[in-house]
Colleague: 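Quick one: structure below, then a few questions.
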Amino acid sequence: MLTRVDVALGPRSYPVLIGSGCLQELGATLRAQGLPQTNAFVITNPVVAPLYFPILEESLSAAGFQRIVRHEIPATEEGKNWEVFSATCASLLEHFPDAGASPIVILLGGGVVGDLGGFAAAVYRRGVPFVQVPTTLLAAVDSSVGGKVAVNFGGVKNIMGAFSQPRLVFCDLGTLSTLSARELRSGTAEIIKYGAVCCQSLFEDLEAGALKKLLALDPPTVVDIVARCVKLKAAVVERDELDKLGIRNVLNFGHTIGHALELSADYALTHGEAISVGMVAATKLAVHLGLCDTAFQSRLEALLREAGLPLTHPGHPELFEPMLKALQLDKKFRNGRNLFVLPTAPGAWQQREDLPWPLVHQVMQEAIAAQPGTPL
Ligand SMILES: NC(=O)c1ccc[n+]([C@@H]2O[C@H](COP(=O)([O-])OP(=O)(O)OC[C@H]3O[C@@H](n4cnc5c(N)ncnc54)[C@H](O)[C@@H]3O)[C@@H](O)[C@H]2O)c1
Ligand SMILES: [Zn+2]
């Protein structure tokens, strides 16, 4: 039994199907969705492929797929770069030079596979259909939905990319059972993000025990929380598909300082860990500005702590200058200002571009100070 959440974008609408142990149904589901291709180009990585590619391949074969090409990219964020993207495009062209035999692209993996592979599918022949098959918690609740596809370039996160919606997101939450504890925790950062700025009831449910059950991979809780997060993301994306109206900025909570840290620390932190530190820093900014109370800050920090996520990245004062540089290269840096999404209460937020630099510097320094929680 699959749970269905629709992303309503007119002609680019698609369903997100969520289940557990359902990967072998992918082929039949593609047919049921009216996708007629007989060739598939599966982008995955050396960690995920041995675990799940055979099931996926068998499912596609059973549904009448004839050529199934497996293409692997590196298993880390460092591999989300232009060279790997280019090699992926080259492989698409090499295997499918005939426009009449164009494949469906299937993205089997976490956010790195989804972002890089989705970008290759978006530009190959000006776009071939693709399907997201997320295998991390983070990809299930966030990166597989919404159509932002990209690679890092020139030291800037996701600066080369496109908007291109998948035809289907097919989420087998059974795949989360092989995820490392660290990657599972990392995915909860984006879930806590949704609760903190998009949905008070999600925030409260996480506090009331859902986070604990989620970390234990309690099946009904995982399906319920993933479906709720996907609905929240779909609602934001439906109102601001191309990130032009400011509505989609809400999803950037924790990402301004978080992305700067993720890049500057040379990927020593996972995306979720960096975002966790970024959310704490943004919340401190909100408290300093009188936009939210310290009680909210304490509740957010308690949730992140319970998830096993870092509140700071202590002992790395040398990252201050690189982080400042990274902030100025941020995608949303304009007219000399960074965009900050600041929480105001559970499920509510404001965006600000006028923050005083000394205050921004102070919270950044606290995030990386020699002693946790103290300024340099
Ligand atoms: N496009 C968007 O809207 C969006 C939103 C949020 C994040 N992102 C991007 O997503 C990326 C982070 O994604 P991620 O956290 O999924 O990281 P990831 O793709 O690097 O996956 C994390 C690790 O888990 C491994 N893995 C994946 N599935 C597994 C499984 N089922 N069992 C065992 N190991 C498995 C991977 O090989 C990798 O080593 C970042 O690049 C971030 O910028 C994009
Ligand atoms: Zn993110």
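When a ligand or atom number is given, it counts from 1 through the structure's own listing order.
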Colleague: Hydrophobic clusters here meaning ILVMFWY residues chained together by side-chain heavy-atom distances under 4.5 Å, can you tell me if Val250 and Leu245 are in one?
Modeller: yes
Colleague: Classify the ring geometry between His361 and Trp357 as parallel (under 30°), tilted (30 to 60°) or perpendicular (over 60°).
Modeller: tilted
Colleague: Got a sec, which pairs hit side-chain hydrogen bond (donor to acceptor under 3.5 Å, both in side chains) with one end in residues 285-298, sequence neighbours left out?
Modeller: Gln297-Glu301
Colleague: Look at the rings of Trp82 and Phe153 and say which category their plane angle falls in: under 30° parallel, 30 to 60° tilted, over 60° perpendicular.
Modeller: perpendicular
Colleague: Among the clusters formed by ILVMFWY side chains lying less than 4.5 Å apart, do Phe253 and Leu206 turn up in the same one?
Modeller: yes
Colleague: Can you list every side-chain hydrogen bond (donor to acceptor under 3.5 Å, both in side chains) pair that touches residues 155-171, not counting sequence neighbours?
Modeller: Tyr14-Gln165, Glu77-Lys157, Lys80-Asn158, Lys157-Glu262, Gln165-Glu241
Colleague: From the options Thr256, Asn249, Asn252, Asn338, select the one residue that forms a side-chain hydrogen bond (donor to acceptor under 3.5 Å, both in side chains) with Lys332.
Modeller: Asn249
Colleague: Donor-acceptor check, side chain of Arg67 to backbone of His95, threshold 3.5 angstrom: yes or no?
Modeller: yes
Colleague: Could you label the plane-to-plane angle of the Phe203 and Phe296 rings as parallel, tilted or perpendicular, counting under 30° as parallel and over 60° as perpendicular?
Modeller: parallel
Colleague: What does the 4.0 Å heavy-atom contact list look like for ligand 1?
Modeller: Asn45, Val47, Val48, Leu51, Tyr52, Ala75, Glu77, Lys80, Gly110, Gly111, Val112, Asp115, Thr135, Thr136, Leu138, Asp142, Ser143, Lys148, Lys157, Asn158, Thr175, Thr178, Leu179, Glu183, Glu190, Lys233, His271
Colleague: Under 2.8 Å from the Zn ion (ligand 2), which protein N, O or S atoms do you find? Ignore water molecules.
Modeller: Glu190 OE2, His255 NE2, His271 NE2
